[in-house]
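Here's the structure, in structure tokens; my notes come after.
Whatever order the structure lists ligands and atoms in, that order sets their numbers, starting from 1. If you read the sequence from its start, that first residue is 1, and numbering goes on from there.
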Amino acid sequence: MMREDVAVKEQVARPREKLAPPQKKSLYDNVVRQFSKAADLMQLDPDIRKILGRTTNEIVVAFPVKMDDGRIEMFTGYRVQHNNVLGPFKGGLRYHPLVEIDEVRALATWMTWKSAITNIPFGGAKGGIQLDPCSCSSRELEHITRRFTFALGNNIGPEYDIPAPDVNTNSQIMAWIVDTYLSTIPPHERQASVHVVTGKPVELGGSLGRDKATGQGVVFTIEQWAKDKGFDLKGATYTVQGFGNVGSWVARLLKPHGSKLIAVEDVTGAISNSKGIDPEELTSYVQEHGRVSGYPKGSPIDHETFLRTKADIFIPAALENQITGSTAPLLNVKLVAEGANGPTNPDGEEVLQQRGIEVIPDILCNSGGVIVSYFEWLQNKRSEFWDLEEVDAKLHKKIIDGYQRVRDTARSFNTDWRTAAYIVALSRLETVYKERGIFP
Ligand code: GLU
């Protein structure tokens, strides 16, 4: 049985400095390179290019929190709002030691493209706190979250900017945000404002299917890819990097297809088993132990061996910049389905293309999360509660519509899928800007 109520925290792959080249690379540079390639190819209006090439607001807050031992610690929190021409700013919050402005800027921008591709009325934003959640007690995490929400003040709001879970954040953290936010607004506005965040616990206005939504969306796109290619998912092999919410749900949802999970990596190490790893069992193990390494039915392997594992599909579902000019040559797969945001950098992408490895790009592949966030937001606004079948059917329609637009655009522009996904997003944004004009 699949359990909807199991909240697996997003897990991270190894710290990036161990995998990426020693020099710190700007993640936003990846966005700029991807954006420029698509804008050149589609001949995006130069004025619109100027607008979309910048973030609208960048909020950095420093705030104090009293820790369990009585000492005061200062934290830095971020919220970057890239664009809201299609609707309110929207995007997750991540808690990670490496969160910084350049990363959040890139992630916020990808959110704008994601909503535009799938045609949902949201803009793009992202935020987070630079912190190692493993080093905090639950009480500390609650206080940090509440103090961060308070510091953000009316920079977030149900019709303005709507956070959601991301790496190392979950429905409990969303519940603390709602509670804090509602406490700061007038009592008669509170009931009508629970859609200030999505990814809430179901009892508190969350949507059925939101917890698995990103993984479900990844699987829907893989199914469609397999259908288009005449590829049989039964018996197909795959590997997963990151076994948090996204990675574990992808694996659990691929199981009924008869596909075989043969290697998994997380921040603590990698394991493999050519006979197959049971996703449900591994999920239970990770919930209990907080890590993949040590799972008794898999043999430990090193990072390079993990990347070299021959499989049909690789699903990166951890952090960014994992598939680079130096790691892409090691991959031995037919398809990369990007559950994570930004797992492939432009150098890695070139290598994948030269080697004929197909990519379902992040801004399409992992958009199931924000799509079901939109459904949660709608349900809250209309005081409705949809059943899981309805959520899944609507998610399937939205993401497959997006998939087909990207696939057809890749054909008509004779380009790669990421560039095609950008063209779909940028065309929509360009049209809206042209219709609205620029104030004054
Ligand atoms: N954090 C998820 C993402 O990167 C979901 C965002 C949302 O639901 O707003 O797409």
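Annotation: Tyr160 is in aromatic contact with Phe89 [ring centroid separation under 6.0 Å].
Applying the 4.0 Å criterion to heavy atoms of Gly92 picks out, from ligand 1, the atoms 1 (N), 6 (C). Close approach of ligand 1 to Met111 is summarised as follows: ligand atoms under 4.0 Å from at least one heavy atom of the residue are 3 (C), 4 (O), 6 (C), 10 (O). The distance from ligand 1 to the heavy atoms of Ser373 drops below 4.0 Å at these ligand atoms: 7 (C), 8 (O), 9 (O). Set against the non-hydrogen atoms of Gly369, the atoms of ligand 1 under 4.0 Å away are 8 (O).
Polar contact with ligand 1: present for Asn341 (N/O pair, distance under 3.5 Å).
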Asp401 vs Lys398, test: salt bridge (Lys or Arg N to Asp or Glu O under 4.0 Å). Steps then yes/no.
CA-CA 5 Å; Asp401 284 353; Lys398 275 261 172 237; over 6 Å; no

Go through the steps for Glu280 and Lys255 under the test salt bridge (Lys or Arg N to Asp or Glu O under 4.0 Å), then give the verdict.
CA-CA 9 Å; Glu280 302 284 352; Lys255 187 176 166 178; 5.1 Å; no

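By the 6.0 Å and 45° rule, Lys381 stacks over the aromatic ring of Trp377. Geometrically, Lys126 does not engage Trp110 in a cation-pi contact defined by less than 6.0 Å to the ring centre and at most 45° from the axis.
Looking only at protein heavy atoms, the nearest one to atom 9 (O) of ligand 1 is Lys90 NZ, 2.7 Å. Looking at atom 1 (N) of ligand 1, its nearest protein heavy atom turns out to be Asp166 OD1, 2.7 Å.
Looking at Lys114, Lys126, Arg210, it is Arg210 that brings a heavy atom closest to atom 5 (C) of ligand 1. Looking at Ala164, Gly91, Pro165 and measuring to atom 2 (C) of ligand 1, the nearest heavy atom belongs to Pro165.
Classification of the Phe314-Phe306 ring pair by plane angle, with boundaries at 30° and 60°, yields perpendicular. Tyr422 and Phe35 have tilted rings, their planes meeting at an angle from 30° to 60° on a 0 to 90° scale.
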